[in-house]
Amino acid sequence: MAVASGTLDIQWLISNSDDLVRVLKDPRDLNHLIHCLQNSQALRSSSDSDFAEAHNLLRDYEKKLDACKKKTEEAKTEAVADEELELLQRELDEGVRQEHLLMEELRVIGGEMDDLEGQRVAVLEKKKMLKKQKQDEFRAQRKLSMYASVTNIIPNLDEQSRVMGYIVDRDTKAVQNFEIDAEKMTAYETCNSIWKMITP
């Protein structure tokens with residue numbers, strides 16, 4: 001903030017330079033990732049439960065099918081009446097139909113589980129990438145603070161076509177704006193110009 005003398009408070013300015021890198025961070029991405037991971041875990045748990053239930057039902061129907069087949073064989077060997085044989089055949093056909101339905105359900109559940117696993121891996125990768133980005137931003141913040149401390153310059157990174165920022169005199173607590181058109185000067189000339197500004 002500007003003080004009565006018209007200069008900027010040095011602590012406020014240095015604090016803002018530290019905040020400059022933090023502005024680049026967006027916590028919404030991390031919150032979104034956490035939300036996706038929680039949903040993925042809940043869906044995986046639900047799919048595991050459905051898969052186990054379908055698997056148990058399939059086992060029961062396989063037992064019933066085996067029993068029907070056994071009864072059919074017994075009926076054939078014992079020359080059971082045609083009505084009973086037809087009933088057993090219908091039970092067997094129904095059991096086969098139920099088995100096919102359960103197998104299809106198991107395929108669908110397996111596909112959902114594969115999708116969930118893919119989502120989980122993607123979420124973990126994005127989380128790892130965000131962690132690396134956070135570390136890079138922290139390093140950039142420390143580097144910016146070091147530059148400000150060594151050169152007494154706090155750069156303004158908003159404009160890429162211009163070299164701009166503040167030159168801070170710690171002794172007098174004075175702050176001076178500077179701006180250089182990088183397109184009109186070579187990098188060497190820009191460096192010399194800044195050097196002249198910071199050296200008494």
Side-chain angles (χ1 to χ4, degrees), residues 15-147 155-161:
S15 172
N16 277 346
S17 74
D18 289 340
D19 291 341
L20 182 60
V21 177
R22 275 192 230 109
V23 169
L24 301 174
K25 292 189 279 189
D26 187 0
R28 289 176 294 180
D29 283 347
L30 186 57
N31 291 338
H32 179 65
L33 280 177
I34 291 169
H35 182 67
C36 285
L37 189 57
Q38 289 170 345
N39 285 346
S40 173
Q41 289 169 344
L43 284 171
R44 183 175 178 82
S45 175
S46 173
S47 293
D48 286 344
S49 174
D50 290 346
F51 182 82
E53 184 179 346
H55 191 66
N56 289 336
L57 285 171
L58 181 61
R59 220 167 29 213
D60 291 344
Y61 276 108
E62 284 174 348
K63 288 178 184 176
K64 288 180 183 178
L65 275 175
D66 290 341
C68 281
K69 286 176 184 175
K70 188 175 179 183
K71 284 183 183 178
T72 303
E73 290 302 320
E74 288 174 357
K76 286 178 181 176
T77 55
E78 294 175 7
V80 182
D82 287 343
E83 268 184 40
E84 192 173 342
L85 190 58
E86 189 177 331
L87 179 64
L88 288 171
Q89 187 62 46
R90 279 199 301 268
E91 286 181 12
L92 181 61
D93 292 343
E94 179 63 20
V96 170
R97 190 181 71 82
Q98 290 291 340
E99 182 182 21
H100 287 327
L101 289 175
L102 282 170
M103 288 298 291
E104 185 59 33
E105 189 176 345
L106 279 174
R107 273 194 293 273
V108 170
I109 291 172
E112 288 176 354
M113 288 177 69
D114 289 343
D115 289 344
L116 286 173
E117 181 62 22
Q119 288 178 22
R120 186 184 72 82
V121 169
V123 165
L124 289 175
E125 285 297 320
K126 196 159 186 184
K127 192 174 179 183
K128 190 189 296 180
M129 185 182 69
L130 280 177
K131 184 178 179 182
K132 184 180 182 306
Q133 183 181 359
K134 193 174 180 182
Q135 290 172 342
D136 291 344
E137 287 171 353
F138 179 76
R139 285 192 201 98
Q141 180 186 2
R142 296 292 98 203
K143 192 183 287 186
L144 184 62
S145 294
M146 182 193 70
Y147 289 160
N156 183 344
L157 304 176
D158 293 337
E159 181 63 52
Q160 297 298 318
S161 64

(message) Strictly below 4.0 Å, N to O, side chains only: are E117 and R120 in salt-bridge contact?
(response)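 Looking at E117 and R120, the cut-off is met.
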(message) Between D66 and K70, does any NZ, NE, NH1 or NH2 come within less than 4.0 Å of an OD or OE carboxylate oxygen?
(response)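 So K70 does not pair with D66 through a salt bridge.
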(request) Can you sort out the partners of K128 under side-chain hydrogen bond (donor to acceptor under 3.5 Å, both in side chains), two or more places apart, ordered by chain and number? (result)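 K128 satisfies side-chain hydrogen bond (donor to acceptor under 3.5 Å, both in side chains) with no other residue.
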(message) Please find the pair of heavy atoms, one from L102 and one from A54, that lie closest to each other, and give the distance.
(response) CD2-O, 4.1 Å
(request) Kindly give the heavy-atom pair with the smallest separation between L106 and H55, and that separation in Å. (result) CD2-N, 4.2 Å
(message) I need the full list of salt bridge (Lys or Arg N to Asp or Glu O under 4.0 Å) pairs touching residues 51-65, with sequence neighbours left out, sorted by first then second residue.
(response) none
(request) Determine which pairs satisfy salt bridge (Lys or Arg N to Asp or Glu O under 4.0 Å) with at least one residue from residues 94-112, sequence neighbours left out, and list them in order. (result)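 Qualifying pairs, neighbours excluded: E94-R97, E104-R107.
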(message) Return the CD to CG distance between Q98 and L101, rounded to the nearest 0.5 Å.
(response)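 The CD atom of Q98 sits 5.5 Å away from the CG atom of L101.
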(message) Would you say CE of M103 has more than 12 non-hydrogen atoms from neighbouring residues, nucleotides or ligands within 6.0 angstrom?
(response)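 No, CE of M103 has 12 or fewer neighbouring heavy atoms, counting only those of other groups under 6.0 Å.
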(request) Please examine the side chains of K134 and F138, heavy atoms only from C-beta on, and report whether any two atoms are closer than 4.5 Å. (result)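 SC-SC contact between F138 and K134 ruled out.
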(request) Applying side-chain contact (heavy atoms from CB on, under 4.5 Å), name anything that partners M113, two or more places apart in sequence or on another chain. (result) S47, D48, F51, I109
(request) Give a yes-or-no answer on whether the side chains of Q89 and D93 include a donor-acceptor pair shorter than 3.5 Å. (result)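 Note: Q89 and D93 side chains meet the donor-acceptor criterion.
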